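For reference, the structure is listed below as structure tokens.
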2 protein chains.
Amino acid sequence: DILERPEGLELGGDLREVTIMMSDIRGFTTLSEHLAPAQVVTMLNRYLGAMTDIIMSFNGTIDEFIGDAILAVFGAPQRREDDADRAVRCALAMQGAMAAMNAQNLAEGLPALATGIALNTGVVIAGNIGSERRSKYGFVGHPMNVTSRIEDHCRGDEILISDSTLQQLRGDYEVSDRRELSIKGIEQSVVVHRIRERNNV
Amino acid sequence: DILERPEGLELGGDLREVTIMMSDIRGFTTLSEHLAPAQVVTMLNRYLGAMTDIIMSFNGTIDEFIGDAILAVFGAPQRREDDADRAVRCALAMQGAMAAMNAQNLAEGLPALATGIALNTGVVIAGNIGSERRSKYGFVGHPMNVTSRIEDHCRGDEILISDSTLQQLRGDYEVSDRRELSIKGIEQSVVVHRIRERNNV
């Protein structure tokens with residue numbers, strides 16, 4: 001597995017243009033408070049399992065699960081011309097899968113979940129990051145931090161994309177609700193848009 | 001390795017009282033901007049390697065590297081009576097190791113790094129979290145989120161601990177600079193303290 005190399009660490013690091021995805025279940029911890037630990041893990045793993053399958057089917061690279069958050073990139077280790085479009089279509093498929101999953105949750109007395117998904121495109125450093133004891137193919141750079149801040153602004157069921165992602169898209173989507181976010185550590189404000197399936201009436 | 005089980009997923013999840021550590025290099029991305037990608041990875045891996053060795057020597061469990069951030073816990077999978085004290089002594093050792101590492105950085109034309117470390121103690125759900133394709137021993141719960149917010153308030157070279165960690169300590173440390181942090185999603189403010197080695201004059 002190229003993504004986990006417990007046997008050691010190659011030096012180096014490449015600049016890669018990638019579209020970064022961060023998703024997070026809105027209020028997951030609060031929703032979990034009155035559930036048994038095993039129920040929380042069941043609910044979380046059902047969600048992460050469904051999302052993992054979708055991300056992998058769109059050739060996304062899952063970097064991490066961090067609690068209920070997912071960090072993935074499109075464009076590394078392998079770059080493709082449609083990285084940004086695949087990331088958007090993946091995010092739409094992830095949101096589209098929530099209804100069936102929530103129906104199952106509700107049938108089992110578990111709460112419905114709503115996820116927010118942020119997409120941002122930029123140049124990051126990709127490499128084997130970590131120690132000799134523990135390293136992984138990972139990413140650093142401002143675009144990672146920016147994606148995390150965009151994610152903070154996502155509401156449930158929403159996909160927000162930055163201008164840099166929008167500029168790379170070739171597909172036809174419904175783009176609305178332009179917002180400027182000011183982000184700590186970044187001088188210029190970041191422009192984001194809500195993106196949805198084009199509703200062909 | 002109990003921490004990475006790519007072969008699949010055990011269901012379940014336990015409530016565990018743990019002391020959570022989050023560390024983050026102040027301004028790492030900005031410091032990296034004028035360096036070559038290979039230099040950034042070298043500098044980051046030198047730091048993560050040194051910190052990993054220290055955390056493991058104090059029996060901490062490293063959950064994740066997220067860029068330059070480290071998430072670790074003390075008290076799971078195995079609980080010990082001195083989890084909070086070990087976490088504090090580990091954080092002090094991590095800060096203590098920075099000077100030698102920075103001397104090496106400066107000798108190689110790399111910038112000096114300053115890390116902030118947050119510690120917080122609370123009950124979390126520990127379990128194999130993820131999908132059938134990819135799971136790991138991980139943690140969810142409010143104390144995880146609180147630790148991340150405390151980390152946002154850490155300055156370079158600083159260790160902040162929450163009141164809940166302070167209450168568990170048996171060792172003799174210098175505790176100062178009490179602050180109340182208001183944290184989104186948490187009703188009560190979180191009280192934190194700066195902790196340092198007791199300076200025996």
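Each chain gets a letter, A, B and so on, in the order its sequence line appears, and its residues count up from 1. Since we're looking at a predicted model, the values are computed, not measured.
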Problem - Stepwise salt bridge (Lys or Arg N to Asp or Glu O under 4.0 Å) test for B/R155 and B/D157 - result: CA-CA 6 Å; B/R155 291 186 280 251; B/D157 306 320; over 6 Å; no

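- No other option in B/V140, B/I125, B/N145 has as many heavy-atom pairs under 4.5 Å with chain A as B/I125.
- Neither the backbone nor the side chain of B/Q39 comes within contact range of chain A; no heavy atom of the residue lies under 4.5 Å from a heavy atom of that chain.
- In terms of heavy-atom pairs under 4.5 angstrom with chain B, the leader among A/A36, A/A38, A/P37 is A/P37.
- A salt bridge is defined here as a Lys NZ or Arg NE, NH1 or NH2 lying under 4.0 Å from an Asp or Glu carboxylate O, and B/E174 with B/R194 fails to meet this definition.
- The candidate with the highest count of non-hydrogen atom pairs below 4.5 Å against chain B, out of A/L48, A/L44, A/V40, A/T29, is A/T29.
- Both the sub-6.0 Å distance and the 45° axial angle are satisfied by B/R134 relative to the ring of A/F65.
- Judged purely by distance below 3.5 Å, without hydrogens or angles, the side chains of B/S131 and A/D53 never pair a donor atom with an acceptor atom.
- Within the 4.5 angstrom heavy-atom criterion, atoms from both the backbone and the side chain of B/T30 approach chain A.
- In summary, A/R196 and A/E158 do not engage in a salt bridge, as defined by a charged side-chain N under 4.0 Å from a carboxylate O.
- Looking only at heavy-atom pairs under 4.5 Å with chain A, the residue among B/D68, B/V124, B/I66, B/L71 that has the most is B/I66.
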